[in-house]
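Report on the following structure.
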Amino acid sequence: MEDNAERMADLAERLAAVQRRIDAAVQDAGRAGDLPTLIVVTKFHPAADIRRLAALGVRDVGENRDQEASSKAAELAGLGLNWHFVGQLQSKKSKSVVKYAHALHSVDRLALVDGLERAIAAEQERTGRGALDCFIQVSLDDDDAGAHRGGVAAAEVPLLAERLAAAAGLELAGVMAVAPLGTSPEAAFEKLAAISAALVAEHPGATAISAGMSQDLEAAIRFGATHLRIGSDILGSRPDVG
Ligand SMILES: *Cc1c(COP(=O)(O)O)cnc(C)c1O
């Protein structure tokens, strides 16, 4: 077992380093005073690390598997964290996700919106919770619809946006993307910024852009990211999970 104080110091140092990178990128982009929301992606790392991060001032955490996220969220319910679901979601998991998630970054099909709408209605009836913020995940791959990094083609965004905007209990927040492997993240995020602008023209409230991971947060900030999803540069490499 790693020593608690040592792990705490390690996380504090890594978090501060990422915050310095964010500050510098915000300055470079001429976005002073417009800090993006930092979501620390804690997947595969223990709840104890999330407790440590909360003690360091982290308010937003991200997870990509429902089972892991729901058990961590239940264990850490007292911390008042915002839980962001960033992984692919099966419609049947909607009921579970609406119990703990503040935002869902991976809406990628109409059928999922149907499931979410039913689930959030039941959950709001039961607990009076607020709306679920929904990001449309967009594929930025040039070839076959982003087979491996997920998301819809840009041309499919308007229909999905219209459906989300009309759904009770779901708030159309904006777009999300993962930069494709093997191309420049700048080019990818520039494309995402254009997709976002087209979306905002139709849905003025849907201004959020969830983009930027450990490797490419500077490029994402340059092209308008409002939400960063950072895992390994804060938590270290993920433990092997087969
Ligand atoms: C894991 C993950 C991240 C964090 O990636 P790092 O490279 O570890 O910063 C961000 N977004 C999504 C969708 C992820 O699955």
Side-chain angles (χ1 to χ4, degrees), residues 10-11 13-22 25 36-47 49-50 52-53 56 58-70 72-73 81-90 93 97 100-109 112 132-141 145-152 173-186 188-189 192 195-196 208-242:
D10 183 38
L11 288 175
E13 191 177 311
R14 288 166 165 280
L15 177 63
V18 165
Q19 279 163 339
R20 282 194 298 273
R21 281 173 62 196
I22 295 170
T37 299
L38 170 60
I39 299 163
V40 182
V41 180
T42 48
K43 63 189 185 201
F44 306 145
H45 291 279
D49 273 348
I50 305 178
R52 294 182 182 105
L53 290 165
L56 293 168
V58 168
R59 301 265 56 96
D60 293 86
V61 295
E63 290 281 339
N64 73 341
R65 295 188 303 184
D66 172 61
Q67 215 182 348
E68 181 178 346
S70 63
K72 285 174 174 171
L81 295 167
N82 294 323
W83 293 84
H84 297 256
F85 194 88
V86 303
Q88 243 213 335
L89 187 66
Q90 292 175 274
K93 301 280 191 184
V97 165
Y100 59 84
H102 170 91
L104 174 62
H105 291 242
S106 48
V107 177
D108 59 359
R109 60 202 190 279
L112 177 58
L132 177 71
D133 286 345
C134 291
F135 293 74
I136 296 173
Q137 183 172 354
V138 184
S139 167
L140 300 176
D141 288 312
H148 63 202
R149 309 219 90 182
V152 300
V175 291
M176 176 276 209
V178 177
L181 297 167
T183 59
S184 105
E186 281 81 5
F189 293 141
L192 183 63
I195 295 166
S196 168
I209 300 178
S210 169
M213 303 169 37
S214 294
Q215 296 302 311
D216 55 26
L217 70 88
E218 285 85 0
I221 288 171
R222 198 166 138 213
F223 289 101
T226 61
H227 294 70
L228 307 171
R229 309 179 312 270
I230 314 294
S232 46
D233 277 4
I234 293 172
L235 286 136
S237 57
R238 289 183 271 277
D240 269 336
V241 286

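When reading the values below, keep in mind they use all heavy atoms of this one structure, side chains included, and skip hydrogens, waters and symmetry mates. Read the numbers this way: they start at 1 and go in the same order the structure lists the ligands and their atoms.
Within 4.0 Å of ligand 1, protein heavy atoms come from V41, K43, V86, M176, M213, S214, R229, I230, G231, S232, R238.
Of all non-hydrogen atoms in A211 and L228, the two that sit nearest each other are O-CD2, 3.4 Å. Between E63 and K43, the closest heavy-atom pair is OE1-CA, 3.4 Å.
Q67 pairs by the side-chain contact (heavy atoms from CB on, under 4.5 Å) definition with nothing, not counting sequence neighbours.
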Side-chain polar contacts of residues 177-185 - donor-acceptor pairs under 3.5 angstrom, sequence neighbours left out - could you list them?
unit_1, atom_1, unit_2, atom_2, d
S184, OG, E186, N, 3.4
S184, OG, A187, N, 2.9

Show every donor-acceptor pair shorter than 3.5 Å between a side-chain atom in residues 82-89 and any protein atom, with sequence neighbours excluded, or say none if there are none.
unit_1, atom_1, unit_2, atom_2, d
N82, ND2, D60, OD2, 3.2
H84, ND1, H105, NE2, 2.9
H84, NE2, D60, OD2, 2.7
Q88, NE2, D108, OD2, 3.2

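Taking CG from L53 and CD1 from I234, the interatomic distance works out to 7.0 Å, rounded to the nearest 0.5 Å.
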